[in-house]
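Take a look at the structure set out below.
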Amino acid sequence: MLIDRRLLLRYGALVSCAGLMPPPATSAGEGAVEQSDYSLRIATGLIELAPEHIVSTTLYNGQFPGPLLRFKEGQQAIVDVHNDTDTPELVHWHGQIIPSEVDGAAEEGTPYVPAHGMRRIAFVPKPAGFRLYHTHVVAGGDLNRGTYTGQMGPVYIEPKNNPGAYDREVFLVMKEFEPTFTRRGEMAMDGLSGAPIRALQQMASSADNEASEKAKGFEVSYQLFGINGKMLGHGEPIRVRQGERVLFHVLNASATETRSLSLPGHVFRIVALDGNAVPRSADVPLLWLGTAERVSAVVEMNNPGVWVMGDLADDDRKRGMGIIIEYAGFEGEPRWAKPEPFRWDYTRFGRPNTAPPAADEMVEVTIVKHNGALDGFDQWTLNGEAFSMDTMKPMYTVHEGRRYRLKFRNASDDIHPLHLHRHSFELVRVGGKPTAGVIKDVVMLGRFQEIEFDFVADNPGMTLFHCHQQLHMDFGFMALFRYA
Ligand SMILES: [Cu+2]
């Protein structure tokens with residue numbers, strides 16, 4: 001749509017001189033001359049997971065997942081975000097190294113997209129690879145807000161030099177629907193390598209003894225599950241030919257859950273984690289992904305038939321967490337087979353026998369859970385402090401150019417998908433094993449385990465660190481880094 005330039009100037013003059021007209025919702029409102037690359041509209045809508053399961057939730061552009069947004073690395077992009085809901089919203093560009101003003105976290109100072117308003121944002125997308133966008137508002141006890149809704153979508157940033165050496169690319173977004181709170185503290189499957197540390201277990205039991213509420217806090221459980229917004233058996237199968245090499249880009253879009261994925265009779269060759277190429281490709285029988293983690297893996301289609309590619313959790317897969325893989329010329333009931341036990345180990349994809357560069361400074365953070373401390377919800381502390389949305393006090397000051405080693409000690413029986421905004425980090429030690437070269441923006445910290453990773457303070461501006469489990473981040477598990 002082209003707008004008459006004189007009209008626009010006149011409108012602008014009216015606003016600035018007479019002050020008679022209400023200001024547009026943003027500095028560049030709907031009448032802006034420059035075309036945006038993408039437009040996202042946040043509104044309530046319906047997703048048909050299956051004919052008998054049509055869910056109502058908040059969506060981007062009326063669909064789940066949100067549209068796949070493709071950007072070019074280093075080339076400025078403009079996105080118009082329209083918010084048709086009654087509450088302010090934020091769109092976070094997860095995994096990108098961009099300024100705080102557009103990153104999409106209120107804690108960093110990003111302005112909200114007002115209710116029934118819009119905000120135009122511009123940024124230079126980077127780094128290349130598989131990223132995502134999602135809402136970053138606090139949900140607290142409201143299961144109609146935050147990542148409990150359908151506000152999540154994939155981003156692919158094309159590298160400046162595109163290698164593209166695969167037959168096909170398929171994006172898979174794993175997501176649960178219809179959340180409820182429960183007192184049933186169900187123990188999720190633990191697929192992570194590494195042994196629990198005794199001192200951390202002791203710390204947890206003394207926190208349990210001190211807890212005013214002895215009962216465990218609320219957990220979230222879900223009724224319905226799907227890949228790309230369809231329950232297993234609904235939607236189109238992935239149709240393949242024998243000998244084809246398919247590159248799967250898998251995203252765990254859950255608000256709270258760790259997910260797994262297996263394709264019986266096939267192996268995944270891991271090529272990238274969180275969109276960043278791994279130093280060492282390796283074959284694995286199945287995937288484990290924490291909330292917001294991504295895995296890119298090539299599967300060679302060399303076992304003809306009709307298969308269920310699905311989550312290892314039987315209940316969740318039976319309620320939809322899977323998708324059918326159908327070879328050309330084959331039909332019939334899709335087959336599922338439980339894979340052999342396998343532990344997910346990030347160091348498998350790292351550079352062996354090399355250490356990352358020495359860090360300039362070390363920061364140690366101990367994570368403790370306080371059962372039911374906040375009206376029945378567990379409260380989380382980092383070195384004894386729960387993040388406060390009221391004060392938004394920064395916990396650490398970093399200096400530009402310095403390399404920081406963060407060591408996290410998990411004195412709890414939960415897995416935490418740790419996420420750092422606006423920076424990538426390099427894994428240094430996982431489950432007691434040293435590693436180098438694995439670059440990520442979310443990493444799972446196992447129960448009663450430790451993890452170390454490095455980041456270089458190379459993107460000045462307020463920077464948020466948090467657990468990506470929505471229940472954890474909303475109840476204390478956050479910290480702000482400020483630049484000196
Ligand atoms: Cu957590």
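What you see is a predicted model, and the numbers here were worked out from it, not measured in a lab. Residue numbers run from 1 in the order of the sequence given. Each ligand, and each atom within it, is numbered from 1 in the order the structure gives.
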**Asked** Sorted by chain and residue number, which protein N/O/S atoms are under 2.8 Å from the Cu ion (ligand 1)?
**Response** His416 ND1, Cys467 SG, His472 ND1
**Asked** Would Lys440 and Glu293 pass as an ion pair if we require N to O under 4.0 Å?
**Response** yes
**With sequence neighbours excluded, residues passing side-chain contact (heavy atoms from CB on, under 4.5 Å) with Ala436** = Arg351, Thr354, Pro356, Glu426
**Prompt:** Do Gln469 and Thr291 meet the criterion of a side-chain donor-acceptor pair at a distance under 3.5 Å?
**Reply:** no
**Prompt:** Should the pair Asp314-Lys338 be classified as a salt bridge under the 4.0 Å nitrogen-to-oxygen rule?
**Reply:** no
**Asked** Strictly by modelled atom types, are Arg145 and Thr87 linked by a side-chain donor-acceptor pair under 3.5 Å?
**Response** yes
**Asked** Got a salt bridge between Asp454 and Arg405, using NZ or NE/NH1/NH2 to carboxylate O under 4.0 Å?
**Response** yes
